[in-house]
Amino acid sequence: MRLATWNVNSVRARLDRVLAWIDRSDVDVVALQETKCKDEQFPEQAFLDLGYEVAHHGLSQWNGVALVSRVGLEDVSTQFSPDVPHFGEPAAAEARAIGATCGGVRVWSLYVPNGRTLQDPHYVYKLAWLEALRSAGVGWLGQDPQAQVALVGDFNIAPTDDDVWDVDFFAGATHVSEPERAAFRSLVDAGFADVVRPYAPGPGTFTYWDYTQLRFPKRQGMRIDFVLGSPALQARVSGATIDREERKGKGASDHAPVIVELAPNA
DNA sequence: ATGGTAGTCCAACTA
């Protein structure tokens, strides 16, 4: 089974590219982030025509997450915990998570809050959101240590200095702060390993390149998109790639797709 | 030449 995650930065603005990529990449399950639309605006039929089921969660023009699957899509949930923090004035839930069981794997498509700046309320929200995710993950593995769980998506964290093109450039910025990195490590310590890294070593291996300042051709990116797998899922991983080619050309998302190959269940 | 973003929807925000 091939499982992918991709922050598409608007599914409507680049629907043709998204469909073409899914079609030629032979992926069974794709987690999308930043669909940037409400449910009623999501172009579901185009995915159905390709032979995939879709579950989407979008509340406004911001955020938005989806799961696309041709191996089943069951038990959809848009809340990994009753304690997911809210944001805004008034505080409200945002469309940053959707989970479903696809081909026996519990897949969560996640769009972690950006944080904006270290002084912004959004940064506090980001850390609280990550703690709620960690707590939920501990609960799932506590109930069933053999559960096949994949926490995938845009984590908006560069876990190590090797995951940014220039450490000095990001001094004092979000994505690289110690509390964010500690939150990422806590997810790993809870049992959710970065299953891509062994197949995509760094430094200089990235999943995101800012649209500005010609960051992509200069190879100045960040590694912030991940597939984190529970122990039973890790055991099935036989390969992984970051599809840097998809970042090229007119109409590309600023993120590249990340793909993991899973061996059949033993 | 010494430059240089893109999405949501039209003013400003988000990333």
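Side chains included, hydrogens not; waters and symmetry mates left out as well; all remaining heavy atoms used. Below, chain A is the first sequence line, B the second, and so on; all start at residue 1.
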Interatomic distance, [X] [atom1] vs [N] [atom2] [rounded to whole Å]:
X: A:Lys36; N: B:dA15; atom1: NZ; atom2: C1'; value: 7 Å
X: A:Gln61; N: B:dA15; atom1: CD; atom2: C1'; value: 13 Å
X: A:Trp209; N: B:dG4; atom1: CH2; atom2: P; value: 23 Å
X: A:Glu34; N: B:dG7; atom1: CD; atom2: C1'; value: 8 Å
X: A:Tyr125; N: B:dA15; atom1: OH; atom2: P; value: 10 Å
X: A:Tyr211; N: B:dT5; atom1: OH; atom2: P; value: 12 Å
X: A:Asn9; N: B:dT14; atom1: CG; atom2: C1'; value: 10 Å
X: A:Asn114; N: B:dT8; atom1: CG; atom2: P; value: 18 Å

Quick one: is [X] getting a side-chain N or O under 4.0 Å of the [N] phosphate, OP1 or OP2?
X: A:Thr212; N: B:dG4; value: no
X: A:Arg14; N: B:dG7; value: yes
X: A:Arg116; N: B:dT14; value: yes

Working note: A:Phe184 + A:Phe226, criterion ring-ring contact (aromatic ring centres under 6.0 Å, His included); need CA distance, chi angles, decisive distance, verdict. CA-CA 11 Å; A:Phe184 187 88; A:Phe226 298 93; 4.8 Å; yes
Can you tell which of [options] lies closest to the side chain of [X]?
X: A:Trp62; options: B:dC13, B:dT5, B:dA15; answer: B:dC13
X: A:Arg12; options: B:dT8, B:dA6, B:dA15; answer: B:dT8
X: A:Arg96; options: B:dT8, B:dA15, B:dT5; answer: B:dA15

At 4.0 Å (heavy atoms only), tell me whether A:Phe216 reaches a base, stays on the sugar-phosphate, or touches nothing. nothing
Residue whose closest nucleotide on DNA chain B lies nearer the 5' end, A:Ala252 versus A:Leu214: A:Leu214
Quick one: on DNA chain B, does A:His175 or A:Gln41 contact a more 5' nucleotide (nearest heavy atom)? A:Gln41
Could you tell me how far B:dT14 sits from B:dC10 if I compare only their P atoms? Round to whole Å. 15 Å
Using atom C1' of each nucleotide, how far apart are B:dG7 and B:dG3 to the nearest Å? 23 Å
With A:Arg215 as the cation and A:Phe169 as the aromatic partner, state whether NZ or CZ is under 6.0 Å from the six-membered ring centre and within 45° of the axis. yes
Would you kindly check if the NZ (Lys) or CZ (Arg) of A:Arg244 is within the cone defined by 45 degrees around the ring axis of A:Trp209 and under 6.0 Å from the six-membered ring centre? yes
Give a yes or no on whether a salt bridge exists between A:Lys126 and A:Glu180, defined as a side-chain N under 4.0 angstrom from a carboxylate O. yes
Identify whether the distance between the nearest side-chain nitrogen and carboxylate oxygen of A:Glu245 and A:Lys248 falls below 4.0 Å. yes
